[in-house]
There are 2 protein chains.
Amino acid sequence: MAGSIPRATVARLPLYLLCLEGMSQAIVSSDQLASTAGVNSAKVRKDLSYLSPKGTRGVGYDVKELKQLIALKLGRMASSVVAIVGAGNLGQALAGFEGFSEHGFTVAALFDTDPAKVGNTVGGTRIYHLDELGSVVAGEAITIGMITTPEGPAQEVADKLAAAGVRSILNFAPAILKVPEGVEVRRVDLSTELQILSYYLNIEKDAAG
Amino acid sequence: MAGSIPRATVARLPLYLLCLEGMSQAIVSSDQLASTAGVNSAKVRKDLSYLSPKGTRGVGYDVKELKQLIALKLGRMASSVVAIVGAGNLGQALAGFEGFSEHGFTVAALFDTDPAKVGNTVGGTRIYHLDELGSVVAGEAITIGMITTPEGPAQEVADKLAAAGVRSILNFAPAILKVPEGVEVRRVDLSTELQILSYYLNIEKDAAG
DNA sequence: TAGATTGTTAATCGATTAACAATC
DNA sequence: TAGATTGTTAATCGATTAACAATC
């Protein structure tokens, strides 16, 4: 079963893909990939073994084959359609982010409640009113939702996304969302990241001082 | 020594803080905090025990006291000064992100190489030329750098930040950065997050179909 | 005292990695 | 065959959590 890949391994697959994309060679060894990715080579081999063995002993892995295999496992072959809720600075920035299309994601719609924004387009993507969420999600076959609203409306937006059938949410709002069973939420909290950085900055100072 | 707090615990402290900030009550039990944060209550108690015991048996934790204690441990009492390199959509969005100032971070400068942007201000923050990085970092006492450039120049920017004495980098570019010993990098890769989401989206479909 | 909840121990779990047989 | 590197085992490590004595 596909679900038997450990979460830690799944989280590293995009990293390996990123490393492979920057390589010009045809064959790569686990040692090379490991040092590029900054991890242990045994870990690389173990991680890749979940994909079904694709390396050649004594030689290494075929870069092109490996890229396809990882992309396939990540479900990237069938392009996913994304909606962004919250057409503020961050939402608009994400709507224009080229990295998404490079990895098989299409931003099909932005949503907001501001009448001054609704109806406009950002980089070719139309801004709809939040009330239209249900019909647009269905019409555009949207499977991933990104929440870029402030903290206040985040939970309500999550509820609407879940009700519309969206099962994957990437949450940029500084809020802990309650969602029904079966909905996967990943939180990307910029101040959390900064606070973690800040902690290590300070213990370094302590150690030095 | 401060560094003896496990990395997994450090990564959860901002989450607890976020949960506590949303609470109106004066006292909270590990059970309540755990269910709000979505983790096990034994984990909460263990995590908090690294801060030095602050709870009262039979009662719980004082919310206000706990907030201050976590903030203190995270080094947030002394506000950190941030530079953002790359004044594109994402960089400008981050420069205007209120969440930073709410958590004791000040964005002191943006950097870019585009002559059309240099000299402008975004939400009160000035855009400098990348060549001025060294002097501005020193002058503004910048300790954290955020890289919001495309993949191409990301490594060069990291080199310049490290050379300027910045020891904490938050990297939004889809690139694996090589940095000197002692520099902490956290990568925030939006397509990585989407790919992980996409994986779980697909195994769910497999299980259902 | 009786009830509640912490702080901590010890068992468990899962992830990491050294080591090496398999094999190209 | 000799050299290299995979795939996998088994040991190790660190994080999680059930359980409970301590104690408010």
Does a salt bridge link A:Asp62 with A:Lys64, judged by any charged N lying under 4.0 Å from a carboxylate O?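 Looking at A:Asp62 and A:Lys64, the cut-off is not met.
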
Stems formed with participation of DNA chain C [Watson-Crick or G-U wobble, under 3.5 Å, three or more pairs]: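 As far as DNA chain C goes, consecutive pairing (with distances under 3.5 Å) yields the stems C:3-24 with D:3-24.
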
Output the rounded distance in Å from [atom1] ([X]) to [atom2] ([N]).
X	N	atom1	atom2	result
B:Leu48	C:dG7	CG	P	8 Å
A:Gln32	D:dA4	CD	P	14 Å
B:Leu66	C:dT6	CG	P	11 Å
B:Arg45	D:dA21	CZ	P	15 Å
B:Asp31	D:dT17	CG	P	13 Å
A:Arg7	D:dT16	CZ	C1'	15 Å
B:Lys54	C:dT5	NZ	C1'	17 Å
A:Asp62	C:dC24	CG	C1'	15 Å

Scan residues 34-43 of chain A against DNA chain C and write down, sorted by residue number, each residue with any heavy atom closer than 4.0 Å; if none is found, say none.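 Contacting residues: A:Asn40, A:Ala42, A:Lys43.
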
Quick check on [N]: is either OP1 or OP2 less than 4.0 Å from any side-chain nitrogen or oxygen of [X]?
X	N	result
A:Ser30	D:dT6	yes
B:Arg12	D:dT16	yes
A:Tyr61	D:dA4	no

Tell me if a side-chain donor or acceptor on [X] pairs with a main-chain N or O of [Y] at a distance below 3.5 Å.
X	Y	value
A:Asp189	A:Pro174	no
A:Gln195	B:Pro14	no
A:Ser29	A:Gln32	yes
A:Thr36	A:Cys19	no
A:Ser191	B:His103	no

Evaluate the side chain to side chain contact (heavy atoms under 4.5 Å, CB included) criterion for residues B:Glu21 and B:Leu17: first the C-alpha distance (whole Å), next the side-chain angles of each, then the deciding distance (0.1 Å), finally the verdict. CA-CA 6 Å; B:Glu21 279 162 2; B:Leu17 199 51; 3.8 Å; yes

Answer yes or no: side-chain N or O of B:Arg57 and base N or O of C:dT6 forming a donor-acceptor pair under 3.5 Å.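 Per atom types, the contact qualifies.
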
Between B:Ala158 and B:Leu177, which heavy-atom pair has the shortest distance, and what is it?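 Shortest heavy-atom separation between B:Ala158 and B:Leu177 comes out as CB-CD1, 3.9 Å.
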
Matching residue for B:Tyr16 among B:Thr9, B:Leu66, B:Ile70 - test: side-chain contact (heavy atoms from CB on, under 4.5 Å):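 Option passing the side-chain contact (heavy atoms from CB on, under 4.5 Å) with B:Tyr16: B:Ile70.
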
Carefully, step by step, assess A:Asn171 and A:Arg186 under the rule side chain to side chain contact (heavy atoms under 4.5 Å, CB included). CA-CA 6 Å; A:Asn171 175 34; A:Arg186 294 186 67 86; over 6 Å; no

Cation-pi, A:Tyr200 ring and B:Arg7 (6.0 angstrom, 45 degrees):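 The answer is yes; both the distance and angle limits are met.
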
So if I define the base as every atom that isn't primed, P, OP1 or OP2, how would nucleotides 9-14 of chain D read as a B/S/- string at a heavy-atom cutoff under 4.0 Å? B-----

Per A:Ala8 side chain, nearest of listed nucleotides D:dT8, C:dT6, C:dT16: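 Nearest to the side chain of A:Ala8 among the choices is C:dT16.
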
Test side chain to side chain contact (heavy atoms under 4.5 Å, CB included) on B:Val188 and B:Leu170; report intermediate values, then the result. CA-CA 7 Å; B:Val188 178; B:Leu170 195 55; 3.7 Å; yes

